[in-house]
2 protein chains.
Amino acid sequence: MHDVQGTQVRPDAAGGLREAKKAATRTQLTTAARRLAVEHGLDAVTVEMISSAAGVSVRTFFNYFETKDAAVLGPDQAVAPDAAISAFLAGRPTGALLDDLVALLDPSDQLAREGRDGVQQLFDLVSREPRVLAAFLTRGMAHEADVARLVALRLGLAEPTTACRTVAAAAVTVVRRGYAEWFADPGPAAPLRARIEQAARELVALVRPADPPAD
Amino acid sequence: MHDVQGTQVRPDAAGGLREAKKAATRTQLTTAARRLAVEHGLDAVTVEMISSAAGVSVRTFFNYFETKDAAVLGPDQAVAPDAAISAFLAGRPTGALLDDLVALLDPSDQLAREGRDGVQQLFDLVSREPRVLAAFLTRGMAHEADVARLVALRLGLAEPTTACRTVAAAAVTVVRRGYAEWFADPGPAAPLRARIEQAARELVALVRPADPPAD
DNA sequence: CCGGATCCTGCAGTCCGTGCAATAATGCAT
DNA sequence: ATGCATTATTGCACGGACTGCAGGATCCGG
């Protein structure tokens with residue numbers, strides 16, 4: 001029985017059983033941290049509680065995450081899957097920078113990976129616990145820097161210029177706004193992607209207020 | 001001698017000597033925290049060092065700031081002076097929303113209040129210490145919410161709509177980008193205000209790529 | 001000058017986070 | 001399968017962050 005408290009453990013592609021078990025415990029820790037934090041509030045949850053819920057020692061907890069907040073946030077993710085990055089660098093899917101950035105940062109696959117409940121839980125904590133918000137925003141800044149590099153590459157530049165960074169900041173801001181609105185009212189009528197596109201339209205409207213309706 | 005380690009103490013307008021002394025010690029704590037953090041790195045600086053440098057006990061430190069990071073960041077400031085807010089709400093100075101937001105958030109007066117060195121010191125820490133960055137970004141989110149409320153008021157709305165929040169996010173992002181570039185190269189040739197306006201132009205260029213040059 | 005309110009301070013305690021060294025588990029080659 | 005090298009887990013000890021509490025000092029108004 002190669003499992004850790006119910007979480008499937010199977011050797012994923014490269015890397016043996018060792019890596020798979022590590023990934024499983026990391027997931028376990030994050031899951032336990034989020035559940036306990038939602039239930040009791042982050043301050044009332046000790047690292048000892050999270051660790052024992054995941055079946056490891058407190059010392060091991062700190063081998064996986066630097067801080068309690070980081071465990072709630074979960075392991076860092078790439079800004080987008082490789083396929084999406086390749087497409088973006090090749091000028092796809094539309095050729096328009098802002099639209100392609102929205103497509104690049106489209107988080108629907110992350111939603112599928114963590115599950116709708118997990119993401120809802122995380123955003124719940126982001127909006128309720130200032131420390132989780134702080135960690136979340138810090139990670140967002142790192143993602144913004146990654147996006148700036150990708151924009152530079154797409155434009156054939158070796159290093160991101162000021163404009164690349166501003167464009168990246170705008171794109172990340174639009175996606176963040178979409179997330180926030182989706183979380184505030186996660187009805188099925190307006191899926192996450194639609195919220196993000198709505199935020200993009202609002203940004204365009206700010207800059208082109210006198211624009212005639214396009215369609 | 002009503003002073004605290006060289007910081008002037010005079011009863012500011014309303015509030016007696018008590019309030020003035022409190023403000024003085026708060027400033028002292030932030031000044032000491034920043035100086036020590038720049039010198040030794042934030043992790044190597046203990047609250048005890050900061051407290052004794054400011055001439056108060058450790059326990060008193062925590063009466064002024066909730067965390068060590070908060071002391072480095074300094075006391076919270078209003079998003080803009082009252083006069084600038086009134087002007088913004090009245091549709092000034094230009095009538096164009098984005099331009100007026102840039103004017104509203106123009107931080108030149110904060111620069112004058114804290115002094116160029118203090119702000120440079122703070123940004124130095126923001127870029128070097130992840131914990132200070134996290135606190136800084138969290139405060140930025142609060143400011144963004146304030147700005148969204150102001151936008152709503154200017155448009156005659158009681159509550160900020162989705163568009164108000166997106167507009168506020170875009171404006172705060174532009175100002176943040178200007179700050180970042182100014183800090184990366186604080187030459188006198190390109191003052192802070194010019195950097196912010198440059199970032200605003202970059203945002204416009206993202207949305208209106210085919211625009212003919214205006215001037 | 002005095003009473004009430006407010007602030008400062010020390011103390012004890014909990015929890016976070018880290019270096020270190022011993023132990024246990026794993027992967028690999030034979 | 002078995003022994004060996006590598007790596008993960010754990011306990012321990014420690015410093016530092018942060019919080020109630022209670023006693024004492026300071027300030028403000030009369």
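Below, chains carry the letters A, B, ... as their sequence lines are ordered, and counting in each starts from 1.
The phosphate of dC7(C) has neither OP1 nor OP2 within less than 4.0 Å of any side-chain N or O from Tyr64(B).
Side chains of Thr60(B) and Ser57(B): a donor-acceptor N/O pair is present below 3.5 angstrom, by distance only. One side chain, Asp106(B) or Ser108(B), offers a donor N or O that lies under 3.5 Å from an acceptor on the other.
Atoms CG and CD, on Leu153(A) and Glu159(A) in that order, are 9.5 Å from each other to the nearest 0.5 Å. The distance from the CZ atom of Arg139(A) to the CG atom of Asp76(A) is 4.0 Å, given to the nearest 0.5 Å.
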Enumerate the protein-to-nucleotides 23-26 of chain D contacts in which both atoms are nitrogen or oxygen and the separation is below 3.5 Å.
residue	atom	partner	partner atom	Å
dT26(D)	O2	Arg18(B)	NH2	3.3

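Side-chain proximity of Thr60(B) to the nucleotides dT10(D), dC8(C), dC7(C) is greatest for dC8(C).
Ion pairing between a basic and an acidic side chain is recognised when a charged N comes within 4.0 Å of a carboxylate O; Asp100(B) and Arg92(B) show no such pairing. The existence of a salt bridge linking Asp124(A) and Arg34(A) is excluded, since no basic side-chain nitrogen approaches an acidic carboxylate oxygen closer than 4.0 Å. The existence of a salt bridge linking Glu181(A) and Arg176(A) is excluded, since no basic side-chain nitrogen approaches an acidic carboxylate oxygen closer than 4.0 Å.
The aromatic rings of Tyr179(B) and Phe123(B) lie parallel to each other, with less than 30° between the two planes, well short of the 60° mark.
To the nearest angstrom, C1' of dT6(C) lies 11 Å from CG of Asn63(B). Rounding to whole angstrom units, CG of residue Leu42(B) and C1' of dG16(D) are separated by 12 Å. Atom P of nucleotide dC27(D) and atom NZ of Lys22(B) are separated by 14 Å, given to the nearest angstrom.
Legend: residues meeting side-chain hydrogen bond (donor to acceptor under 3.5 Å, both in side chains) with Gln198(B), ordered by chain and number and at least two apart, are Arg201(B), Glu202(B). The salt bridge (Lys or Arg N to Asp or Glu O under 4.0 Å) check on Asp43(A) picks up nothing, with sequence neighbours excluded. Applying the salt bridge (Lys or Arg N to Asp or Glu O under 4.0 Å) rule to Arg26(B) yields no partners; only residues at least two apart in sequence or on another chain are considered.
Comparing the start and finish of the helix from dC1(C)-dG30(D) to dT30(C)-dA1(D), five pairs each, the helix axis swings through 30°, to the nearest 10 degrees.
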Under 4.0 Å protein heavy-atom contacts per nucleotide of nucleotides 13-21 of chain C, with B for base, S for backbone only and - for none: ---SBBBB-

